[in-house]
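Data first, discussion second: the structure below is written as structure tokens.
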Amino acid sequence: MTSRPSPSRIWPLFAVNFFMADMQSGIGPFVGVFLQERGWASGLIGTAMTIGNIAGMLITTPIGGFIDASRNKRMWVVIPGICVVAASAIILVSQNFWAVTFSQIAQSLASAAIVPAVTGITLGIARQKGFNALNGRNQAFNHAGNMVGAALSGYLGYKYGYVAVFVLAAVFGAIAIACVLMIPAKSIDDRAARGSREDDSKAPPDGMSVLFKHKPLLVLALALALFHLGNAAIVPLYGLAAVAEGQANGPSFVATTVVIAQGVMIVTSLIAMQVAGKRNYWPVILISFMFLPIRGVLAFFVTGWWGVVPMQVLDGIGTGLQTVAVPGMIARSLNGTGRINLGQGAVITVQGIGASLSPALGGWIAQWIGYGPTFLLLGGFGLASIALWLAFGVAVKKY
């Protein structure tokens with residue numbers, strides 16, 4: 001095994017990252033405006049999305065443990081693909097509250113599994129030495145897939161309506177399944193994929209208690225939870241505000257916001273890879289937190305098309321940094337424990353608490369006091385993340 005995997009392993013992996021975009025966010029960005037046009041209030045939309053997010057949050061940590069123990073890492077990409085296809089089909093068949101909620105649960109299950117699964121596959125192919133470089137390129141392909149998928153969704157949604165958007169999501173999921181099956185199963189080292197000790201092939205993985213004793217992991221998870229409590233609702237609410245004021249067409253507006261952000265993330269993820277390779281992940285994550293308060297202020301003063309470009313550029317920088325730095329820091333800090341994917345799942349679970357509460361929190365507050373003040377409130381959570389990250393800098397700076 002080397003840090004330069006062969007093309008037979010690496011190109012299918014890049015393709016998985018490109019087409020797995022809809023497993024992470026899927027139809028989520030379009031669900032809000034889709035339901036709003038069918039008479040749903042913002043509070044009810046946020047509630048349905050929150051229920052789905054909570055279901056995904058509860059299963060994410062166990063899924064990470066299953067991926068650690070599994071000898072068929074590819075299957076944990078196949079399962080999310082099936083969930084995405086199901087989520088797209090359900091919401092087209094019925095816009096009943098519980099049907100929509102169930103579709104969000106299926107989407108959340110896909111989101112819960114895909115990141116630790118691809119992280120495990122990447123580690124299994126490149127090992128710890130080559131992980132940072134390969135993960136950085138993975139994220140560049142992932143953001144490119146998000147950008148292309150969003151552009152196609154916007155065009156097809158404008159031309160043919162939301163049915164085409166949801167069908168496209170299902171097609172991307174099916175292609176991702178085909179791509180992961182092209183990765184040779186023997187090219188994935190199961191011990192390297194879970195972060196076991198390389199100098200002792202018989203060493204058992206650490207106990208589950210490592211998650212509660214590992215201070216850097218706890219600080220990272222809590223800081224991300226605060227960040228996503230503010231961040232997760234901003235883009236959906238920004239789209240709802242613009243559409244509600246008649247300033248934008250629903251599908252094309254949502255697609256434009258995603259395309260701009262993902263385009264910036266492609267470049268940002270490659271830069272983050274280089275910075276982390278020369279230094280560590282702590283300053284990269286610190287910088288990523290700084291962009292949320294700025295976006296909250298910007299969204300307060302500017303809505304509609306005028307604010308799309310600057311706000312989404314800032315989102316692209318912040319999120320692009322995190323997509324490389326967060327899994328990289330977890331893999332580095334838990335190296336040798338045999339629990340890397342469990343750790344990935346645990347961090348995703350804790351930050352998912354914030355992300356799960358964010359749509360309902362933002363939706364109901366916006367319904368009560370308006371969109372502008374809500375943006376300021378959501379942006380303020382970024383300041384809390386910065387304060388926590390600086391306060392516990394001693395514990396996390398070495399990673």
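Quick note: residue numbers are just sequence positions, from 1. We use all heavy atoms of the structure for the numbers below, so side chains are in, but hydrogens, waters and symmetry mates are not.
Rounding to the nearest 0.5 angstrom, the gap separating the CG atom in Asp315 from the CG atom in Asn231 is 5.5 Å. The distance from the CG atom of Leu123 to the CZ atom of Arg194 is 12.0 Å, given to the nearest 0.5 Å. Distance check: Met147 CE to Leu152 CG gives 11.0 Å after rounding to the nearest 0.5 Å. Once rounded to the nearest 0.5 Å, the distance linking CZ of Phe289 with CG of Leu383 reads 12.0 Å. Atom-to-atom distance recorded for Gln139:CD and Thr323:OG1 is 4.5 Å, nearest 0.5 angstrom. A distance of 8.5 Å separates CG in Asn146 from CE in Met20, rounded to the nearest 0.5 Å.
Not counting sequence neighbours, Tyr281 has no partner by the ring pair (Phe, Tyr, Trp, His ring centres under 6.0 Å) test. Take Ser269 and apply the side-chain hydrogen bond (donor to acceptor under 3.5 Å, both in side chains) test, not counting sequence neighbours, and it matches no residue. Remark: Ala225 engages Val350 in a side chain to side chain contact (heavy atoms under 4.5 Å, CB included) (not counting sequence neighbours). The side chain to side chain contact (heavy atoms under 4.5 Å, CB included) test applied to Val267 returns Ile271, not counting sequence neighbours. For Thr268, the side-chain hydrogen bond (donor to acceptor under 3.5 Å, both in side chains) criterion is met by no residue, not counting sequence neighbours. For Phe14, the ring pair (Phe, Tyr, Trp, His ring centres under 6.0 Å) test picks out Trp11, Phe141, with sequence neighbours left out. Residues satisfying the side chain to side chain contact (heavy atoms under 4.5 Å, CB included) test with Lys215, not counting sequence neighbours, are Val219, Phe392, Ala395. Applying the side chain to side chain contact (heavy atoms under 4.5 Å, CB included) rule to Ile294 yields the partners Leu314; only residues at least two apart in sequence or on another chain are considered. For Asn138, the side-chain hydrogen bond (donor to acceptor under 3.5 Å, both in side chains) partners two or more places apart in sequence, or in a different chain, are Asn17, Thr122. By the side-chain hydrogen bond (donor to acceptor under 3.5 Å, both in side chains) test, Thr101 pairs with no residue at all, sequence neighbours left out.
In this structure a side-chain-to-backbone donor-acceptor pair under 3.5 Å is missing from Asp189 to Arg127. When atom types are taken as modelled, the side chain of Ser108 and the backbone of Gly52 share a donor-acceptor pair closer than 3.5 angstrom. At least one donor-acceptor pair under 3.5 Å links the side chain of Ser358 to the backbone N or O of Ala233. With Thr349 contributing its side chain and Thr61 its backbone, the two residues share a donor-acceptor pair below 3.5 Å. Under the 3.5 Å distance criterion, the side-chain polar atoms of Asn132 are left unmatched by any main-chain donor or acceptor of Gly328. Formation of a donor-acceptor pair under 3.5 Å by the Lys73 side chain with backbone atoms of Ser70 is found in this model.
Across every non-hydrogen atom of Leu321 and Ala272, the tightest pair is CD2-CB, 3.8 Å.
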Walk me through it: do Met329 and Val396 pass the test side-chain contact (heavy atoms from CB on, under 4.5 Å)? CA-CA 9 Å; Met329 181 176 171; Val396 292; 3.7 Å; yes
Full working for salt bridge (charged side-chain N to carboxylate O under 4.0 Å, His left out) between Arg339 and Asp68: CA-CA 7 Å; Arg339 296 293 187 181; Asp68 274 332; 5.0 Å; no
For residues 163-184, tabulate all N or O donor-acceptor pairs below 3.5 Å that involve a side-chain atom, not counting sequence neighbours.
none

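Note on residues 383-394: no pairs pass side-chain hydrogen bond (donor to acceptor under 3.5 Å, both in side chains), not counting sequence neighbours.
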